[in-house]
**Student:** 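Quick one: the structure is below, and I'll ask about it shortly.
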4 protein chains.
Amino acid sequence: MTTAPATPSAGTKRERRKEARPGELLEAALDLFVEKGFAATRVDDVAARAGVSKGTLFLYFPSKEELFKAVVRQNIAGRFEEWSHELETFEGTTGELLRHCYLVWWERIGATKASGITKLMFSESQNFPEITVFYQQEVIRPGQDLVRRILRRGMERGEFRGVNLDYAVHVVMAPMIFLMLWKHSMGACMPDALELGPEKFIDAQVDNVLYGLCARPETGPFAPALSSPSLPSSPSAV
Amino acid sequence: MTTAPATPSAGTKRERRKEARPGELLEAALDLFVEKGFAATRVDDVAARAGVSKGTLFLYFPSKEELFKAVVRQNIAGRFEEWSHELETFEGTTGELLRHCYLVWWERIGATKASGITKLMFSESQNFPEITVFYQQEVIRPGQDLVRRILRRGMERGEFRGVNLDYAVHVVMAPMIFLMLWKHSMGACMPDALELGPEKFIDAQVDNVLYGLCARPETGPFAPALSSPSLPSSPSAV
Amino acid sequence: MTTAPATPSAGTKRERRKEARPGELLEAALDLFVEKGFAATRVDDVAARAGVSKGTLFLYFPSKEELFKAVVRQNIAGRFEEWSHELETFEGTTGELLRHCYLVWWERIGATKASGITKLMFSESQNFPEITVFYQQEVIRPGQDLVRRILRRGMERGEFRGVNLDYAVHVVMAPMIFLMLWKHSMGACMPDALELGPEKFIDAQVDNVLYGLCARPETGPFAPALSSPSLPSSPSAV
Amino acid sequence: MTTAPATPSAGTKRERRKEARPGELLEAALDLFVEKGFAATRVDDVAARAGVSKGTLFLYFPSKEELFKAVVRQNIAGRFEEWSHELETFEGTTGELLRHCYLVWWERIGATKASGITKLMFSESQNFPEITVFYQQEVIRPGQDLVRRILRRGMERGEFRGVNLDYAVHVVMAPMIFLMLWKHSMGACMPDALELGPEKFIDAQVDNVLYGLCARPETGPFAPALSSPSLPSSPSAV
DNA sequence: TATGAATGAGCATTCATTCAT
DNA sequence: CATGAATGAATGCTCATTCAT
């Protein structure tokens, strides 16, 4: 109090605590939201896990919903810019890029607690419209845009067929989302092949997805169902 | 219609009501469980929607959990026997069988309210262990067994490659489950390509899945990741 | 149905059932009231144990309270006349009469389910005033009158000291009532010396009671506290 | 009063309230439990009588059962240590000690609301096994142990006959328990001699009990029924 | 800044009684 | 006579949010 601290951001122990509070609360909230879901998580428990009182939590976050939004921002929404940059600087075929994205996505989201947030949103979006709107704007749309840019890159380079992007985005994301949801619901309750080795599952999915997307001389035995109805997939689409 | 009553079991008006009650309650419960989820559905609302008092509901179902189980039995679990029989009498290639299954599954489950039950289970299994156990025994296991039998049929006939069944089951089911979950969560809140035409999405997924499964002379540019690790499916996989 | 029954009271099997109904209901009610108490006994259970429907019970007894009153009348209140007569025809000393009364009381009430009714009344009288009034008029008062007559007999014959009847009645009844209440509450939950041999307890109590009542030349080391305050029983009590 | 606060522990008005709350709730709960019994007492009413909301009650006591246990601890169970000490320091004959105990017991328990708890336990033990176990461990057993020690003291000093302790304990306690139960059930509903002057009743009972217990040269006209069957207390008892 | 005591609406389940058949 | 379907008021317990200190 009497002597000025060298670094103004973190002086006394108490002040350092004060600055750390939001982070500790967010970490505790992430844990509990992932474990119990949004509605079933009690703010008392979040505060207790962060080592503060319930009142203090409401000092930093005006409501349970705002607390959740902050968790989403810190763990997912706030990282899209970095990912977007990584995507732009990637060199190599778009097939390689897509495979790379699957892998890093698994490392950074799928295998971490962040995946629990996706599960939570799928579970409770109906009952909390305000959160859902926020999540769509901050996560879903940026995420789909990222995938769209990959697909366009492939199509512009002639590596992918001309496909209806709205469908293709879901084809690309479906296996990853399924993996997260399974892991945080049924997979948590029953012994399962996915439990220990999701990499194999991802590998198979990437192969299948790439097969559906890649430009091929002949269509083979399978119908080109990904094709945009108004934009036939034939060479003219390239 | 003119001579004898169609339903001989119901004489008086009251008896007809009594026989209809369970069905009316189950329908109301299905609607609300699908709309709100298990925890957020109030039994008062179920009773009100069925046109009876809260007490009457407990006359037919001893608890909210048992009510839910009855809904699951009527809409999903009770129909596996029929599906199993259809599977056995199918004639044609296993690829055609799989495509057929995707279609009828979409007609009977995916496009109906029954799909909401799957979404509900993925959402709330963590918080209601007793229901989860019931669902795994009555739905998940029989469903996976059905898929396993299809895959075995393909492998025994030489139509499919030798694959690790535990993974392949998930590869087959993932797109359908994703479709249900999306439809009942994000899809219900935002405009989406899947909303109106999921058939196209299904088509694309069937193609991809069949590509991964079908026996081919050469493996092409993609690694055969579906192969069982202990039972390599082809020399080139080594 | 076609031939008239010889005894008009019990003809066809159905009619015999009809006449037996109240008795079967009363027996079932006694069992359950004793086991659970008044409030905790459900009329559904009474009807079910009697083999009839809930509606039928209300056909014979207009309410749960009336059902209970009927149980009391059949098992206790209706038997005072007989006991009163037995008391009048007894020959022997009043001490012997009192001991005799303790024994037959134990046989007919204390050791039977009827004792459970006393326990029930002590337990729930506060919450059911109407029943309590009934019980006081039909059971408590007649019972106390019986004891009073015994005590008066002893005093008139010079066998007992002059005592305040209002207190003496309680002194006589207290051990028996205690025995019933213990048996149906704590005794039912914990191993206890009273459980198997209440006769010994009764013996001891009779001795003590008689000691306090009997006329004695000298009062011994103990104050004659039973004496009526206005009518000192002996000079030493002054 | 004017200078320093009497209670140094409570600073602000709020803190004083907080410290007083449990006591206020316990007092309100004691009143209502005694008046209505355990099952018939609504927690809302307890809270209202203490001047707080229902939620506040559950802030201090996690359930109705725990609230009741706390009431028992405060009013009975927590005072055995003090009583035990009083017993050890008593000087005089064991007959005097017993009479003394009856009197102080009446002052501290019998004449206070605490006696209502005993009545409650006798009434509802069957329906609430968990509470019953607690009560037996915390009240019944310590109470019986106290009586046992008095009886042993009398036997060791040669003042009392050799008796079966298991029965004698009940003989000693029966009159007091009867008094409590009567007062809180029938006595509360009908005019009664015990209502205003239980001391006289107690006096009579003490005399009778002491008569049964005290060592006497000859057994008199009454059988020594208190004697332990396997351990005859004196040659004359054979 | 931090606390934590207080609130009160919300919810699954029970049960005596009624009455149409 | 007999049924049993229907009712609806009653109750213990939870939890996000507020606010006095």
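FYI, side chains are in, hydrogens and waters are out, and symmetry mates aren't considered; it's all heavy atoms of this structure. Here is the naming used below: chain letters follow the sequence lines, and residue numbers restart at 1 for every chain.
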**Student:** Among all residues two or more places apart in sequence or in another chain, which pass the side-chain contact (heavy atoms from CB on, under 4.5 Å) test with Gln74(C)?
**Tutor:** Leu26(C)
**Student:** State the dot-bracket string of DNA chain F. Criteria: Watson-Crick or G-U wobble, both atom distances under 3.5 angstrom; notation: ( ) intrastrand, [ ] crossing earlier pairs, | interstrand, . unpaired.
**Tutor:** .||||||||||||||||||||
**Student:** Using a heavy-atom distance cut-off of less than 4.0 Å, which residues of residues 67-74 of chain D contact DNA chain E?
**Tutor:** none
**Student:** Would you tabulate the side-chain donor-acceptor contacts of residues 37-44 of chain D under 3.5 Å, counting partners in other chains and residues two or more places apart, or write 'none'?
**Tutor:**
residue, atom, partner, partner atom, Å
Thr41(D), OG1, Leu32(D), O, 3.1
Thr41(D), OG1, Gly37(D), O, 2.6
Arg42(D), NH1, Asp45(D), OD2, 3.3
Arg42(D), NH2, Asp45(D), OD2, 3.2
Asp44(D), OD2, Lys54(D), NZ, 3.0

**Student:** Residues two or more places apart in sequence or in another chain: which of them pass salt bridge (charged side-chain N to carboxylate O under 4.0 Å, His left out) with Lys113(C)?
**Tutor:** Asp31(C)
**Student:** Indicate the atoms forming the closest heavy-atom contact of Lys119(A) with Phe122(B), along with that distance.
**Tutor:** CE-O, 3.2 Å
**Student:** When you check the phosphate oxygens OP1 and OP2 of dT3(F), does a side-chain N or O of Thr56(C) lie under 4.0 Å from one of them?
**Tutor:** yes
**Student:** Between atom CZ in Phe61(B) and atom P in dT14(E), what is the gap in whole Å?
**Tutor:** 15 Å
**Student:** Taking all non-hydrogen atoms of both residues, which atom of Ala29(B) and which atom of Val71(B) are closest, and how far apart?
**Tutor:** CB-CG2, 3.8 Å
**Student:** Measure from CD1 on Ile131(A) to P on dA16(F) and round the result to the nearest Å.
**Tutor:**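 The distance from CD1 of Ile131(A) to P of dA16(F) comes to 12 Å, rounded to the nearest Å.
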**Student:** With respect to the phosphate group of dA5(F), does any side-chain polar atom (N or O) of Tyr60(B) fall under 4.0 Å of OP1 or OP2?
**Tutor:**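 False: Tyr60(B) side-chain N/O out of range (4.0 Å or more) of dA5(F) OP1/OP2.
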**Student:** My understanding is that only residues two or more places apart in sequence, or in another chain, count here; which of them pass side chain to side chain donor-acceptor pair (under 3.5 Å) with Glu65(A)?
**Tutor:**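 Per chain and number, Glu65(A) pairs via side chain to side chain donor-acceptor pair (under 3.5 Å) with no residue.
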**Student:** May I have the distance from Phe128(C) (atom CZ) to dA16(E) (atom C1'), rounded to whole angstrom?
**Tutor:** 11 Å
**Student:** Which atom pairs link the protein and nucleotides 11-13 of chain E when you take only N or O atoms and keep those under 3.5 Å?
**Tutor:**
residue, atom, partner, partner atom, Å
dC11(E), OP1, Arg42(B), NE, 2.5
dA12(E), OP1, Thr41(B), O, 3.3
dA12(E), OP1, Lys64(B), NZ, 3.2
dA12(E), OP2, Val43(B), N, 3.3
dA12(E), OP2, Asp44(B), OD1, 3.4
dT13(E), OP2, Lys64(B), N, 2.9
dT13(E), O4, Lys54(B), NZ, 2.8

**Student:** Between dA5(F) atom P and Leu57(B) atom CG, what is the distance in whole Å?
**Tutor:** 14 Å
**Student:** Taking side chain to side chain donor-acceptor pair (under 3.5 Å) as the test, write out the residues that go with Ser63(D), two or more places apart.
**Tutor:** none
**Student:** Considering residues at least two apart in sequence or located in another chain, which fulfil the side-chain contact (heavy atoms from CB on, under 4.5 Å) criterion with Glu138(C)?
**Tutor:**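 Residues passing side-chain contact (heavy atoms from CB on, under 4.5 Å) with Glu138(C): Ala77(C), Phe134(C).
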**Student:** Can you list the residues that meet the side chain to side chain donor-acceptor pair (under 3.5 Å) rule with Ser185(B), with sequence neighbours excluded?
**Tutor:** none
**Student:** With Ser125(C), which residues qualify under side chain to side chain donor-acceptor pair (under 3.5 Å), at least two apart?
**Tutor:**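 Checked Ser125(C) against side chain to side chain donor-acceptor pair (under 3.5 Å); zero matches.
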**Student:** Restricting to salt bridge (charged side-chain N to carboxylate O under 4.0 Å, His left out), what partner residues turn up for Glu35(D), sequence neighbours left out?
**Tutor:**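 In terms of salt bridge (charged side-chain N to carboxylate O under 4.0 Å, His left out), with neighbours along the sequence ignored, Glu35(D) is linked to Arg49(D).
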**Student:** How long is the line joining CD of Glu130(C) and P of dA16(E), in whole Å?
**Tutor:**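 Going from CD in Glu130(C) over to P in dA16(E) covers 16 Å.
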**Student:** Nearest whole angstrom, please: distance from the P of dG10(E) to the NZ of Lys36(B).
**Tutor:** 13 Å
**Student:** Go nucleotide by nucleotide along DNA chain E from the 5' end; which of Ser53(D) and Gly55(A) gets its closest nucleotide reached first?
**Tutor:** Gly55(A)
**Student:** Whole Å only: how far is the CG atom of Leu59(A) from the P atom of dC19(F)?
**Tutor:**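 Distance, rounded to whole Å: 14 Å.
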